[in-house]
Amino acid sequence: MTFDVITMGRVGVDIYPLQTNTRLPDVRTFGKFLGGSAANVAVAAARHGRRAALVSRTGTDPFGEYLHRALRDFGVDDRWVTPVAGPPTPVTFCEIFPPDDFPIYFYRYPTAPDLQIHTEELDLDAIRAARVFWVTGTGLCQEPSRSAHLAALAARGPVPPGGGTTVFDLDYRAVFWPSRERAREVYQQALPYATVAVGNLDECLTAVGEDEPHAAAEALLAAGVTLAVVKQGPKGVLARTPTQTVEVPPVEVDVVNGIGAGDGFGGALVHGLLAGWPLERVLRFANAAGAIVASKLECSSAMPTTDEVLAVLGRDANAGGGVTHG
């Protein structure tokens, strides 16, 4: 089977409070959800009808069993999600203070199973054949995962076979790295193999040393990608190719939990790129998908279907408000 998208990287269990505006010491009830950026993007793509698979690892514990069950329930192929003896399946807690404060607490130290991906375990033929291959910056933060990610990227090459797309989700979380400078050094090794780079302004600063949107996009293009997508939160999204610049405003929603919005955006971006849509349409669709997730408490189970995104676009006054420059 050739997959529409294979994602590689973090998977875990999100333990999210069912009370908002409440600090963790005072929370009384929690919900359990599939989590992890790479897993969520695969779920989001599957919700749009795409054949999706995840390359990752879990602990040999009940939470690992739960993640396999959840992935399958969401329609994500889990054949390359393998068990690791030793480190437990990671859990992540957060606090929810809408509209823009969502502290995250990761329990994945000194390592996590998804950072124990080994190069020799990879199905490089499947990775080469995938129409889209998606990696995240978190997967580069530790060995052996770093070498495995770089080997997978190298297997696809700077120009993926069959006109495929390789997406580097810049996904920088300072807690996983000794310094921003070390992360930038490793990101610079990965960028030449990516055709698309996606990140917010802080992640762009990590990757290329720029956090002004246009300068960041230009630097990402100079690093080798052919599409740079710069997420600007309430200012919308900027995307640049060597010949085109597109700016799209945000979709307004009442934010409940913004943590999973980027993953919903990512899965929708994959869908739009695979569909061959014009860039402005891809960005408007991805923006709306991310907004829908931000309006919900959970992440993975909040990923919208294509019809749900189109319904939001149909009633949003900004749906046609993108600005395109040749």
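Atoms considered below: every heavy atom in the structure, side chains included; atoms not considered: hydrogens, waters and symmetry mates.
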**Student:** Can you name the nearest heavy-atom pair linking Y172 to S179, along with the distance?
**Tutor:**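 In terms of heavy atoms, the two residues are closest at OH-C, 4.1 Å.
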
**Student:** Determine yes or no for a side-chain-to-main-chain donor-acceptor pair under 3.5 angstrom, with E210 supplying the side chain and E212 the backbone.
**Tutor:**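 Not a single qualifying donor-acceptor pair exists.
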
**Student:** Check K235 with E247, please: is the shortest side-chain N to carboxylate O separation under 4.0 Å?
**Tutor:**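 No.
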
**Student:** Ignoring hydrogens and geometry, is there a side-chain-to-backbone donor-acceptor pair from R184 to L205 under 3.5 Å?
**Tutor:**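 Flag set: sc R184 to bb L205 pair under 3.5 Å.
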
**Student:** Checking R146 against Q189 for the side chain to side chain contact (heavy atoms under 4.5 Å, CB included) test, could you report, in this order, the C-alpha distance in whole Å, the side-chain angles of both residues, the deciding distance, and whether it holds?
**Tutor:** CA-CA 10 Å; R146 179 184 305 137; Q189 297 177 51; 5.7 Å; no

**Student:** Give a yes or no answer on whether the side chain of T7 reaches the backbone of V41 with a donor-acceptor pair at less than 3.5 Å.
**Tutor:**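 Absent.
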
**Student:** May I ask you to decide if the ring planes of Y107 and F93 are parallel, tilted or perpendicular, using 30° and 60° as cut-offs?
**Tutor:**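 Ring orientation, 0 to 90° scale: perpendicular.
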
**Student:** Would you indicate whether the side-chain heavy atoms of L283 and V229 approach each other to under 4.5 Å?
**Tutor:**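 Touching, per the 4.5 Å side-chain cut-off.
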
**Student:** Could you tell me if the side chain of D171 sits less than 4.5 Å from the side chain of V198, heavy atoms only?
**Tutor:**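 Counting from C-beta outward, V198 and D171 never come under 4.5 Å.
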
**Student:** State, with a plain yes or no, whether a side-chain heavy atom of V253 is found less than 4.5 Å away from one of I292.
**Tutor:**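 No, side chains not in contact.
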
**Student:** Using modelled atom types only, decide if a donor and an acceptor are shared between the side chain of D169 and the backbone of G266 within a distance under 3.5 Å.
**Tutor:**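 Not confirmed, D169 side chain does not pair with G266 backbone.
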
**Student:** Once you measure the plane-to-plane angle for Y109 and F176, does it fall in the parallel (<30°), tilted (30-60°) or perpendicular (>60°) bin?
**Tutor:**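 Ring orientation of Y109 relative to F176: tilted.
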
**Student:** Taking all heavy atoms of P17 and all of C94, pick out the closest pair and write down the distance.
**Tutor:**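 Result for this residue pair: CD-O, 3.1 Å.
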
**Student:** Under the criterion side chain to side chain contact (heavy atoms under 4.5 Å, CB included), I'd like the reasoning laid out for T195 against V167: C-alpha separation, chi angles, the key distance, then a yes or no.
**Tutor:** CA-CA 6 Å; T195 54; V167 182; 5.7 Å; no

**Student:** Do V208 and Q188 make a side-chain contact, defined as non-hydrogen atoms from C-beta onward lying under 4.5 Å apart?
**Tutor:**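 Yes, close enough: below the 4.5 Å cut-off.
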
**Student:** State the OG1-NE2 distance between T138 and H149, to the nearest 0.5 angstrom.
**Tutor:**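 Here the rounded value is 8.5 Å.
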
**Student:** What about F74 and M8, same hydrophobic cluster or not, with Ile/Leu/Val/Met/Phe/Trp/Tyr joined at side-chain heavy-atom distances under 4.5 Å?
**Tutor:**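 Each belongs to a different hydrophobic cluster.
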
**Student:** Linking I/L/V/M/F/W/Y whenever any side-chain heavy atoms sit under 4.5 Å apart, do W277 and W134 land together?
**Tutor:**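 Same cluster: W277 reaches W134 through Ile, Leu, Val, Met, Phe, Trp or Tyr contacts under 4.5 Å.
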
**Student:** Does the side chain of F102 reach to within under 4.5 Å of the side chain of N257, using non-hydrogen atoms?
**Tutor:**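 In short, these two side chains touch, coming nearer than 4.5 Å.
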
**Student:** Is it the case that the side chain of S145 and the backbone of L115 share a donor-acceptor pair, with hydrogens and angles ignored and the cut-off at 3.5 Å?
**Tutor:**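 Absent.
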
**Student:** Are E185 and R182 within salt-bridge range, i.e. N to O under 4.0 Å?
**Tutor:**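 Answer for the salt bridge query: yes.
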
**Student:** Answer whether the closest heavy-atom distance between the side chains of I6 and W80 falls below 4.5 Å.
**Tutor:**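 Counting from C-beta outward, I6 and W80 do come under 4.5 Å.
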
**Student:** For a quick test of reading the model, state the closest non-hydrogen atom pair linking A294 to A261 and the distance between them.
**Tutor:**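 Scanning both residues completely, I find the closest heavy atoms to be CB-CB, 4.1 Å.
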
**Student:** Between the side chains of D4 and R131, is the shortest nitrogen-to-carboxylate-oxygen separation below 4.0 Å, so that they form an ion pair?
**Tutor:**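 Salt bridge flag = yes for D4 with R131.
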
**Student:** Between N287 (side chain only) and P249 (backbone N and O only), is there a donor and an acceptor less than 3.5 Å apart?
**Tutor:**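 Yes; judged by distance alone, with no hydrogens or angles, the pair exists.
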
**Student:** When you check the gap from the basic side-chain N to the acidic O, do D77 and R51 get nearer than 4.0 Å?
**Tutor:**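 Answer for the salt bridge query: no.
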
**Student:** Under 3.5 Å, side chain of E203 to main-chain N/O of N200, donor-acceptor pair present?
**Tutor:**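 Pair found, side chain donor or acceptor close to backbone of N200.
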
**Student:** After noting the C-alpha distance and the side-chain angles of Y105 and T92, does the key distance pass the side chain to side chain contact (heavy atoms under 4.5 Å, CB included) rule?
**Tutor:** CA-CA 6 Å; Y105 304 90; T92 302; over 6 Å; no

**Student:** Any side-chain donor paired with an acceptor under 3.5 Å for T82 and R57?
**Tutor:**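 Short answer, yes.
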
**Student:** If we count only N and O atoms by modelled type, under 3.5 Å, do the side chains of S56 and D114 hold a donor and an acceptor together?
**Tutor:**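 No donor-acceptor contact under 3.5 Å links the two side chains.
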
**Student:** Do L238 and T245 have side chains that approach each other closer than 4.5 Å (heavy atoms only, starting at C-beta)?
**Tutor:**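 Side chain of L238 against side chain of T245, heavy atoms only: contact under 4.5 Å found.
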
**Student:** Could you walk me through whether T166 and R156 pass the side-chain hydrogen bond (donor to acceptor under 3.5 Å, both in side chains) check?
**Tutor:** CA-CA 8 Å; T166 301; R156 284 178 69 85; 2.8 Å; yes

**Student:** Please determine if D202 and R180 form a salt bridge, counting it only when a charged side-chain N lies under 4.0 Å from a carboxylate O.
**Tutor:**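 Between R180 and D202 there is a salt bridge, with a charged N closer than 4.0 Å to a carboxylate O.
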
**Student:** Counting only heavy atoms from other residues, nucleotides and ligands, does the tally under 6.0 Å from CG of D101 exceed 12?
**Tutor:**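 Correct, the count exceeds 12.
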
**Student:** Could you state the interatomic distance from OG1 (T136) to CG (L170), rounded to the nearest 0.5 Å?
**Tutor:**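 Rounded to the nearest 0.5 Å, the OG1-CG separation comes out at 10.0 Å.
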
**Student:** Under the side chain to side chain contact (heavy atoms under 4.5 Å, CB included) rule, what do V230 and H214 come out as? Steps first, then yes or no, please.
**Tutor:** CA-CA 8 Å; V230 181; H214 288 273; over 6 Å; no

**Student:** Does R72 pair with D78 as a salt bridge, N-O distance under 4.0 Å?
**Tutor:**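 Judged by the 4.0 Å cut-off on N to carboxylate O distance, R72 and D78 do form a salt bridge.
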
**Student:** Please confirm whether the backbone N or O of L34 pairs with a side-chain atom of S300, one donor and one acceptor, at under 3.5 Å?
**Tutor:**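 At least one qualifying donor-acceptor pair exists.
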
**Student:** When you look at R47 and T305, which way does the side-chain hydrogen bond (donor to acceptor under 3.5 Å, both in side chains) test go after all the steps?
**Tutor:** CA-CA 5 Å; R47 293 282 283 168; T305 65; 5.4 Å; no

**Student:** Find the distance between CG (L153) and OH (Y193) and round it off to the nearest 0.5 Å.
**Tutor:**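 That separation rounds to 8.0 Å.
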
**Student:** Would you say the side chains of Q142 and T111 form a donor-acceptor pair under 3.5 Å?
**Tutor:**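 Short answer, yes.
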
**Student:** May I ask whether M303 and V256 are part of the same hydrophobic cluster, defined by side-chain heavy atoms of I, L, V, M, F, W, Y residues being less than 4.5 angstrom apart, directly or through others?
**Tutor:**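 No; tracing contacts between hydrophobic side chains, which count when under 4.5 Å, never links both residues.
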
**Student:** Indicate whether any N or O donor in one side chain lies under 3.5 Å from an N or O acceptor in the other, for T22 and E95.
**Tutor:**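 Short answer, no.
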
**Student:** Is there a side-chain contact between L140 and W177 in this structure, where contact means two heavy atoms from C-beta onward sitting under 4.5 Å apart?
**Tutor:**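 Yes - at least one pair of side-chain heavy atoms lies under 4.5 Å apart.
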
**Student:** I would like to know whether T29 and Q19 meet side-chain hydrogen bond (donor to acceptor under 3.5 Å, both in side chains); could you show each step before the answer?
**Tutor:** CA-CA 7 Å; T29 54; Q19 292 87 47; 2.6 Å; yes

**Student:** Would the number of heavy atoms belonging to other residues, nucleotides or ligands and lying under 6.0 Å from CZ of F285 be above 12?
**Tutor:**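 Buried by this count: over 12 neighbours within 6.0 Å.
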
